[in-house]
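One structure below.
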Amino acid sequence: MSSANLPQAGTWVIDPSHSTVSFVVRHLAVAKVRGRFVAFSGTVEVADPIADPRVEVTIEAVTFTTDDEQRDGHVRSADFLDVENRPTLTFAGSGPRQQGADWVLPGELTIRGVTRPVELTVEPLGLVVDPWGTTKAGFSASAEIDREDFGITWNQALEAGGVLVSPKVRIELEIQLAPGS
């Protein structure tokens, strides 16, 4: 792995105030609805020399929001995330491989207690030293999953054909890392 735009060896933590965990799903086959999780945490363990970083992320399901209280309540219910019984979503990844200017990070995503393999396409955004002398690393990442693979099958057929909510969900991440303490 080239170290030009990647963090140095050590433990790095996600800075939640400068990061976003979000998704996009089609609604009524004609609109895109965006949502995000407000509370999440994670670490990236980078070896020396840079090789096979380990990524661990935990997302608090109850913090899901689309800024629509009624819809958010439904998505938190047993029809979708079932936050009462499954309070977290997790991702564990390792073994990235370069694909052009980007990287592919294979891992396992767990939603509602169901774990499936997922590959994140990761774009390293670079390293920078902030005004307080701390090195920060930035990444954008995305993946597409089928929510039905995770047991999230609720839907409603439309009279004109199709379904209310697409089974395909695009995950979008904007992550800033800081050295762990």
Side-chain angles (χ1 to χ4, degrees), residues 14-44 54-97 99-100 102-123 125 138-177:
I14 293 175
D15 176 352
S17 65
H18 296 103
S19 300
T20 306
V21 175
S22 62
F23 70 89
V24 180
V25 65
R26 286 242 180 230
H27 181 259
L28 295 171
V30 297
K32 291 181 181 178
V33 172
R34 297 181 182 278
R36 62 189 168 86
F37 293 91
V38 177
F40 50 89
S41 61
T43 59
V44 177
R54 306 258 185 243
V55 177
E56 300 282 338
V57 177
T58 300
I59 301 164
E60 301 301 322
V62 73
T63 69
F64 165 85
T65 184
T66 62
D67 296 324
D68 180 301
E69 193 173 311
Q70 183 177 354
R71 175 176 45 223
D72 295 351
H74 187 207
V75 173
R76 289 185 196 116
S77 78
D79 286 341
F80 289 93
L81 294 177
D82 192 16
V83 302
E84 186 174 318
N85 297 303
R86 303 293 184 178
T88 60
L89 293 78
T90 61
F91 176 78
S94 65
R97 65 184 184 278
Q99 186 171 321
D102 295 336
W103 293 84
V104 174
L105 176 64
E108 292 189 333
L109 178 63
T110 301
I111 302 173
R112 289 178 51 120
V114 177
T115 302
R116 296 284 184 255
V118 171
E119 289 193 336
L120 292 174
T121 300
V122 181
E123 176 189 1
L125 301 176
F139 298 88
S140 289
S142 63
E144 186 173 276
I145 63 169
D146 186 325
R147 65 185 174 84
E148 294 177 348
D149 290 344
F150 296 89
I152 304 172
T153 59
W154 183 92
N155 224 330
Q156 188 172 347
L158 301 175
E159 189 175 306
V163 291
L164 186 65
V165 181
S166 169
K168 299 294 181 198
V169 178
R170 179 161 179 79
I171 298 168
E172 297 178 345
L173 310 168
E174 295 299 327
I175 303 297
Q176 182 172 293
L177 299 175

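Position 1 is the first residue of the sequence, and the numbers go up from there. Everything numeric in this text was worked out from a predicted model, so none of it was measured.
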Side chains of Thr110 and Arg86: closer than 4.5 Å at any heavy-atom pair?
-> no

Proximity of Phe91 and Phe40 rings by center, below 6.0 Å = no

Side-chain heavy atoms of Leu89 within contact of Val21, under 4.5 Å | no

When every non-hydrogen atom of Leu81 is compared with those of Ala61, the smallest separation belongs to CD1-O, 4.2 Å

Ser142 OG to Leu173 CG distance, which is reported to the nearest 0.5 Å | 8.0 Å

Sub-3.5 Å donor-acceptor pair from the side chain of Arg147 to the main-chain atoms of Ile152, do we have one?
-> yes

Least distance between heavy atoms, Ala39 atom then Thr63 atom = N-OG1, 3.1 Å

Closest non-hydrogen atoms of Asp15 and Ser17, given as atom of the first, atom of the second and distance, are OD1-OG, 2.8 Å

Residues Ile175 and Thr20: closest non-hydrogen pair is CD1-O, 4.3 Å

Should the heavy atoms of other residues, nucleotides or ligands under 6.0 Å from CD of Glu123 be counted, would the total exceed 12?
-> yes

Taking side chain as C-beta onward, heavy atoms only, is Ser140 less than 4.5 Å from Leu125?
-> yes

Side chain proximity check, Val163 to Gln156, heavy atoms < 4.5 angstrom | no

Using 4.0 Å as the upper bound for N to carboxylate O, is an ion pair formed by Arg170 and Glu172?
-> yes

Steps toward side-chain contact (heavy atoms from CB on, under 4.5 Å) verdict (Val75, Thr66) | CA-CA 10 Å; Val75 173; Thr66 62; 5.8 Å; no

side-chain contact (heavy atoms from CB on, under 4.5 Å) between Val25 and Lys168, worked out = CA-CA 7 Å; Val25 65; Lys168 299 294 181 198; over 6 Å; no

Does the pair Val83 and Phe64 meet the rule for a side-chain contact (heavy atoms from CB on, under 4.5 Å), with working shown?
-> CA-CA 10 Å; Val83 302; Phe64 165 85; over 6 Å; no

Please check if the side chain of Arg112 supplies one atom and the backbone of Phe80 the other of a donor-acceptor pair under 3.5 Å.
-> yes

Is the backbone N or O of Arg36 less than 3.5 Å from a side-chain atom of Thr65, with the two atoms forming a donor-acceptor pair by type?
-> no

Heavy-atom closest pair, residues Ala143 and Glu119 | CB-O, 3.4 Å

From the list Thr43, Ile14, Leu105, side-chain contact (heavy atoms from CB on, under 4.5 Å) partner of Val55 resolves to Leu105

Checking Arg97 side chain against Val104 main chain: does a donor-acceptor pair fall under 3.5 Å?
-> no

What do you reckon, is CD of Glu144 surrounded by more than 12 foreign heavy atoms closer than 6.0 Å?
-> yes

Hey, is the main chain of Arg26 close enough, under 3.5 Å, to the side chain of Ser166 for a donor-acceptor pair?
-> no

Residue pair Arg116, Leu109: steps toward the side-chain contact (heavy atoms from CB on, under 4.5 Å) verdict | CA-CA 6 Å; Arg116 296 284 184 255; Leu109 178 63; 5.8 Å; no

Can you see which heavy atom on His74 is nearest to which on Asp79, and at what distance?
-> NE2-OD2, 2.7 Å

